Enquirer: 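Attaching a single structure in structure tokens format; questions to follow.
Fair warning: this is a prediction, and the values are worked out from it, not measured in the lab.
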Amino acid sequence: MPNALPIPPPGFDDLSSDEKVRYVGALWDRIAENQQDLPISDELRDLLHSRLAAHQANPAAARPWSEVRREIERELSERRR
């Protein structure tokens with residue numbers, strides 16, 4: 001990799017956890033701007049096709065993201081106790 005940066009980049013460890021998450025999210029957003037350039041393995045492609053087929057076979061089984069997110073947040077909150 002040309003011009004490889006140190007991992008983590010300078011100053012990263014000085015950030016709060018929230019700032020670190022926002023930093024990584026911002027990096028991912030920049031990468032995702034050109035999704036056509038993101039590599040995808042044959043294994044992942046097969047998994048995506050399988051999940052799409054399962055959804056098309058039974059769309060009623062899908063759940064809204066807001067519901068799934070609330071469930072994940074509740075489970076994480078319970079683990080922290």
Enquirer: Could you walk me through whether D18 and Y23 pass the side chain to side chain contact (heavy atoms under 4.5 Å, CB included) test, one step at a time?
Expert: CA-CA 9 Å; D18 187 53; Y23 179 89; over 6 Å; no
Enquirer: So, taking the atom named CG in L38 and the one named CG in L44, what distance separates them when rounded to the nearest 0.5 Å?
Expert: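 Spacing of CG (L38) from CG (L44) equals 11.0 Å.
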Enquirer: Are I40 and L48 close enough, and set up right, to give a side chain to side chain contact (heavy atoms under 4.5 Å, CB included), and what steps lead you there?
Expert: CA-CA 10 Å; I40 183 169; L48 292 171; 3.5 Å; yes
Enquirer: Calculate, to the nearest 0.5 Å, the distance between atoms CG and NZ belonging to D14 and K20 respectively.
Expert: 8.5 Å
Enquirer: Give a yes or no on whether L27 and F12 share a hydrophobic cluster (residues Ile, Leu, Val, Met, Phe, Trp, Tyr; joining criterion: side-chain heavy atoms under 4.5 Å apart).
Expert: yes
Enquirer: Taking all non-hydrogen atoms of both residues, which atom of A57 and which atom of P59 are closest, and how far apart?
Expert: C-CD, 3.7 Å
Enquirer: Would the distance check show the side chain of E78 and the main-chain N or O of E75 forming a donor-acceptor pair, the cut-off being under 3.5 Å?
Expert: no
Enquirer: To the nearest 0.5 Å, what is the distance between CD (E71) and CG (L76)?
Expert: 10.5 Å
Enquirer: Among R70, R69, R63, which one satisfies salt bridge (charged side-chain N to carboxylate O under 4.0 Å, His left out) with E67?
Expert: R63
